[in-house]
Protein chains: 2
Amino acid sequence: MPRRKKVKLELLQCMSERKVSFRKRNTGLVKKLSELSTLCDVDVCDIILNPFHSSFDVWPSLPGVQSVLTKFRHIPEGEQTKHMYNLETFTQERIQKTREQVRKLRMENRRIEIEQIINQCMSGGSFDIKNNYNLLNDMDLVLKQDIQELFIRIKALKG
Amino acid sequence: MPRRKKVKLELLQCMSERKVSFRKRNTGLVKKLSELSTLCDVDVCDIILNPFHSSFDVWPSLPGVQSVLTKFRHIPEGEQTKHMYNLETFTQERIQKTREQVRKLRMENRRIEIEQIINQCMSGGSFDIKNNYNLLNDMDLVLKQDIQELFIRIKALKG
DNA sequence: TACCCTATATTTAGCGA
DNA sequence: GTCGCTAAATATAGGGT
């Protein structure tokens, strides 16, 4: 059996699990922050409310955070949000990417299904278009058209 | 040839590399922040000075950061730093862990080296202690003592 | 509870277009 | 410069102790 499953991105219901996950991920996060900071020469800070101690974890340190905050406040309001990478842009980007992936998977499925139909037809299978349409009920219109064209070509090929 | 090497944790000298790394890692960071937030029900914010646009990336949003900041300021000064996980504690923890790993690797090396010497001796190799000391010049005192004892035992064993 | 381990899942460096 | 891809590096869930 697999030792690890993909975790669903939602609140961990089990409290002890949540605690463990928090500790691990907090550590990882801080590591990544420090890496970004040194690799790219970037001023970074974060503040994480630790729900288990009702205290905050602050990176890189209290004065460090305050220094970044001061710098942040000194940027003109208009400039602050320009190029800003935040929850909104992040989400938009992810939706975009996911759509793109879905598109690709659809293409791949189309390829495979078309291949199967060709194989089926070439090896003397049925040419019952209606039946195959049924099988491929949920497919895109474009795909159906492709398949229709394919059937015609296969018929022509076979005589 | 390997397509990817382990990057040294220091400022990336090549500017374009740095830029690419920044974009990728910033994305990853924000993803992890959002995961921590939803998995563990945690208030999080971060502010990253984007050195390439002289602007800030703010997570999760400007009001979001301000809300966390307000909460942060409302915690009594003494409580703020209790349990705080920051650059210092992070570094201490990593030093501790690294030492522990070094210790373990030493133990493992000892085990392997001792094994080799035993094999060498049992298969009729030399018993020249001085020579073997030379080979094992950098080893711990404890290891040397262990080996000395081993030589004696092997000699006894062989007659 | 708080570690440690290790098999999976995830991140990302290096490339090629 | 940007993108997508892929393999190597890394993070971490689950399961021990």
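So that the names make sense, note that chain A is the first sequence line, chain B the second, and so on, each numbered from 1.
Set against D:dT10, C:dA9, C:dA13, the side chain of A:Arg4 has C:dA9 as its closest nucleotide. Of the candidate nucleotides D:dA9, C:dG14, C:dA9, C:dA9 has the atom nearest to the side chain of A:Lys6. Of the candidate nucleotides C:dA13, D:dG1, D:dA13, D:dG1 has the atom nearest to the side chain of B:Ser16. For A:Arg23, counting side-chain heavy atoms from C-beta on, the closest listed nucleotide (D:dT10, C:dC3, D:dG14) is C:dC3.
Rounded to an integer number of Å, the gap from CZ of B:Arg18 to P of C:dA13 is 14 Å. The distance from atom CG of B:Leu29 to atom C1' of C:dT10 is 14 Å, rounded to the nearest whole Å. Counting to the nearest Å, the P atom of D:dA9 and the NZ atom of B:Lys8 are 17 Å from each other. Counting to the nearest Å, the C1' atom of C:dC3 and the CD atom of A:Glu17 are 17 Å from each other. Rounded to whole angstrom, the span from the CG atom of B:Asn26 across to the P atom of D:dT2 amounts to 13 Å. Here D:dG14 presents its C1' atom at 13 Å from CG of A:Leu12, a figure rounded to the nearest Å. Rounded to an integer number of Å, the gap from NZ of A:Lys19 to C1' of C:dC3 is 15 Å. Following rounding to the nearest Å, A:Lys5 (NZ) and D:dT12 (C1') show an atom-to-atom distance of 13 Å.
Shown here for B:Ser34 and B:Trp59, the closest heavy-atom pair between the two residues is CB-CZ2, 3.2 Å. Contact between B:Asp41 and A:Leu11 at its shortest, heavy atoms only, is CB-CD1, 3.4 Å.
To the nearest 0.5 angstrom, B:Lys19 atom NZ is 14.0 Å from B:Leu12 atom CG.
Within 4.0 Å (heavy atoms only), B:Lys24 reaches at least one base atom of the nucleic acid.
Both A:Leu49 and A:Leu69 are members of a single hydrophobic cluster when ILVMFWY side chains are connected at heavy-atom separations under 4.5 Å.
At least one side-chain nitrogen or oxygen of A:Ser21 sits closer than 4.0 Å to the OP1 or OP2 atom of D:dA13.
In terms of position along DNA chain D, the nucleotide closest to B:Val7 lies nearer the 5' end than the nucleotide closest to the other residue of the pair B:Leu39 and B:Val7. Each of A:Met15 and B:Lys32 was assigned the nucleotide of DNA chain C with the nearest heavy atom; the assignment lying further toward the 5' end belongs to A:Met15. If you find the closest nucleotide of DNA chain C to A:Val20 and to B:Glu35, the one lying nearer the 5' end belongs to A:Val20.
Residue-to-nucleotide contacts include no donor-acceptor pair under 3.5 Å from the side chain of A:Lys31 to the base of D:dA11.
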List the steps and the verdict of side chain to side chain contact (heavy atoms under 4.5 Å, CB included) for A:Arg18 and B:Leu39. CA-CA 7 Å; A:Arg18 201 143 117 204; B:Leu39 285 172; over 6 Å; no
